[in-house]
Each structure stands twice: as C-alpha cells, then as structure tokens.
Amino acid sequence: MLTKKDIRKQYLEKRLNLPDDLSTTLNRQLLEQCRQLDFSSFTLVHIFLPITEKKEVDTYALVDWARITWPDIQWVLSKSDLSTGLMVHYLWEPDTLLVSNKYGIPEPENGTLIPPAMLDLIFVPLLAFDRKGHRVGYGKGMYDRFLQECRPDVTTIGLSLFDPVDSITDTDTLDVPLDMVITPGLIYQFKKK
C-alpha cells in the first residue's frame, strides 16, 4: 500500500525521467483529450502554469487552444504566499506580468483580484491520482485549501501524464477529490454535481 509520500517520490521521479520526445508526445495527446470537452458553460477558468524543470503538464498549449476555441473564457492564475500556504487569484490579461517564484512557478505580479467563489472551473496540478479522484501534489496542501474556498458546484479537473494508481491509502477529510482527471489516453470521471 502506497502513501502520499511514496507516490509523490515515485511519480516525481517517473516524470523527471521522461525522455523529452515522450513528454512532448504525452502533452500533445493530453491536449487532444482536452479538446473533446465542452467548455461553453464556463466563464472564469483557473489554470496553473507549469514548472518546466519538473516537467509538469504543458498548460500553455491548453490555454492557447482554448483562447481560440472558447474566446469568451477569462483565465485566472494564482500567486502563492509561501509563508501562509494560501493563494490569491488574478485575472490573466494580455498585459499581466508573469514572474517565477522561488519554486519556478510562473505567477502574476499583480492584476485584477478574483475571489475563489467566482470561479467556474479549476484545472488542478498533480503528481498522481487514484481511482476515486484523490490526488497527490507536492504536499503543501495549498490547492486543497484553495478548493475549500470555492463554490460547491465548481468543476475540478486534474491533468496527468500518467494513469491512476489504485488507491492512495492516507487520504483525509481535508483532501478534496477531483471531478475529473484528463490523461493522454483517457478522461476519468469521478463525481457528478
């Protein structure tokens, strides 16, 4: 039985060891899966930007496609307060200045603040997920705290380059399961709202 700590270590190593050509292929296939979804009911969509050194999912390609296909969507990015473990959220506008924080996460320098309760859809980063929609992130709990600030009907979608693990054994009541996870091969649905 694997704990979050075990899964975190295993999947970070697995992702870091992906050859560049395979990583590019998996990201392209993941984007193709995203293109199957209907985003017409979403107005404010939160997205994370990838830490390239950790070979995170290329969300820039997803946003580039969606801005053409769904031009009415407004995109929102977070800025992390690493001392409190909380995030603030800003509208991602054409003139938004992005600066990498100490972990290599591109974040907005400033902009129009967006309260979490206004968000319709949140793309959630992860290292791994299980068949019940629980995720393993980097272990800081920032996204779980953020998701608890959102409306109960917000849609949450994880993006993963890998298929699920069978079970994460040490989930707790603070863990917020995802509605869906998109992988290069399949879209996994977990709960209906």
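Residues: numbered from 1 along the sequence shown. Heavy-atom basis, side chains included; hydrogens, waters and symmetry copies ignored.
In this structure, R135 contributes its side chain and P125 its backbone to a donor-acceptor pair below 3.5 Å. Checked by atom type and distance alone, the side chain of R15 pairs as donor or acceptor with a backbone atom of K54 at under 3.5 Å. Side-chain N or O atoms of E93 include none that pairs as donor or acceptor with a backbone N or O of G111 at under 3.5 Å. Under the 3.5 Å distance criterion, the side-chain polar atoms of T183 are matched with a main-chain donor or acceptor of L186. At least one donor-acceptor pair under 3.5 Å links the side chain of E56 to the backbone N or O of I51. Within the 3.5 Å criterion, the main-chain N or O of K4 finds a donor-acceptor partner in the side chain of D170. Although no hydrogens or angles enter the test, the distance criterion places a donor-acceptor pair under 3.5 Å between the side chain of T25 and the main chain of D21.
Minimum interatomic distance between K79 and P108 (heavy atoms only, all atoms of both residues): CD-O, 3.4 Å. Here the closest non-hydrogen pair linking R8 and G137 is NE-O, 2.7 Å. What you find for Q33 and G185 is that their closest heavy atoms are NE2-O, 3.2 Å. Between I182 and C34, the shortest heavy-atom contact is CD1-SG, 3.7 Å. Summarising the geometry of L126 relative to G158, their closest heavy-atom pair is CD2-CA, 3.8 Å, with the distance given to 0.1 Å. Nearest approach of S160 to P184, heavy atoms of both residues: O-CD, 3.2 Å.
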List the atom pairs, with distances to 0.1 Å, where a side-chain N or O of residues 68-75 and a protein N or O form a donor-acceptor pair under 3.5 Å, not counting sequence neighbours.
from: T69; atom 1: OG1; to: W65; atom 2: O; distance (Å): 3.0
from: T69; atom 1: OG1; to: W65; atom 2: NE1; distance (Å): 2.9

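Qualifying side chain to side chain donor-acceptor pair (under 3.5 Å) partners for S40, counting only residues two or more places apart in sequence or in other chains: D38.
Apart from Y90 itself, the hydrophobic cluster it occupies contains V88, L113, where clustering links Ile, Leu, Val, Met, Phe, Trp and Tyr at side-chain heavy-atom distances under 4.5 Å.
Cluster membership for L62 and Y60, using ILVMFWY side-chain heavy atoms within less than 4.5 angstrom, is shared.
Under the ring-ring contact (aromatic ring centres under 6.0 Å, His included) rule, H46 has a single partner from F146, W92, F123, which is F146.
Two residues are said to be in side-chain contact when any heavy atoms from C-beta on lie closer than 4.5 Å; F48 and S78 fail this criterion. Residues Y11 and V165 form a side-chain contact, since some pair of their non-hydrogen atoms from C-beta on lies under 4.5 Å apart. Side-chain contact check for I114 versus L119: some heavy-atom pair is nearer than 4.5 Å. Side-chain contact between L30 and V57 is present, with at least one heavy-atom pair separated by less than 4.5 Å. Side-chain contact between N110 and L97: absent, with no pair of heavy atoms (C-beta onward) separated by less than 4.5 Å. Residues V124 and L178 are in side-chain contact: their nearest non-hydrogen atoms beyond the backbone lie under 4.5 Å apart. With a 4.5 Å cut-off on side-chain heavy atoms, V99 and E107 do not count as touching. T155 is not listed as a side-chain neighbour of I122, based on a closest heavy-atom distance of 4.5 Å or more.
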Under the ring-ring contact (aromatic ring centres under 6.0 Å, His included) rule, what do Y138 and Y103 come out as? Steps first, then yes or no, please.
-> CA-CA 11 Å; Y138 291 109; Y103 292 107; 8.6 Å; no

Full working for side chain to side chain contact (heavy atoms under 4.5 Å, CB included) between I47 and V76 | CA-CA 6 Å; I47 191 81; V76 177; over 6 Å; no

Verdict with supporting geometry, D179 and I157, side chain to side chain contact (heavy atoms under 4.5 Å, CB included) = CA-CA 6 Å; D179 296 318; I157 300 177; 5.8 Å; no

Please test T171 against I168 for side chain to side chain contact (heavy atoms under 4.5 Å, CB included), starting from the C-alpha separation and ending with a verdict.
-> CA-CA 6 Å; T171 59; I168 299 167; 3.9 Å; yes

I would like to know whether Q29 and E32 meet side-chain hydrogen bond (donor to acceptor under 3.5 Å, both in side chains); could you show each step before the answer?
-> CA-CA 5 Å; Q29 292 170 341; E32 289 305 314; over 6 Å; no

For K14 and L18, run side chain to side chain contact (heavy atoms under 4.5 Å, CB included): C-alpha distance rounded to whole Å, both residues' side-chain angles, the deciding distance at 0.1 Å, then the answer.
-> CA-CA 7 Å; K14 186 175 179 177; L18 279 175; 5.9 Å; no

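Rounding to the nearest 0.5 Å gives a distance of 6.5 Å between CD of E149 and CG of L86. Between H89 atom NE2 and C150 atom SG the span is 6.5 Å, to the nearest 0.5 Å. Here CG of L161 is found 10.0 Å from CG of D58. Values are rounded to the nearest 0.5 Å. Expressed to the nearest 0.5 Å, how far CZ of F129 lies from CE of M180 amounts to 12.0 Å. The CG atom of L77 sits 7.0 Å away from atom OG1 of T96, with the distance rounded to the nearest 0.5 Å. Here the straight-line distance linking atom CG of L147 with atom CE of M142 works out to 12.0 Å at 0.5 Å rounding.
Remark: the D6 side chain and the T3 side chain contain an N/O donor-acceptor pair separated by less than 3.5 Å.
Salt-bridge check for K55 with D20: passed, with a basic side-chain N closer than 4.0 Å to an acidic carboxylate O. Using a 4.0 Å cut-off between charged side-chain N and carboxylate O, R151 and D120 make a salt bridge.
Atom NZ of K132 has 12 or fewer neighbouring heavy atoms from other residues, nucleotides or ligands inside a 6.0 Å radius.
Note on ring orientation: taking the six-membered ring where Trp is involved, the planes of Y188 and F190 are parallel (angle under 30°, cut-offs 30° and 60°).
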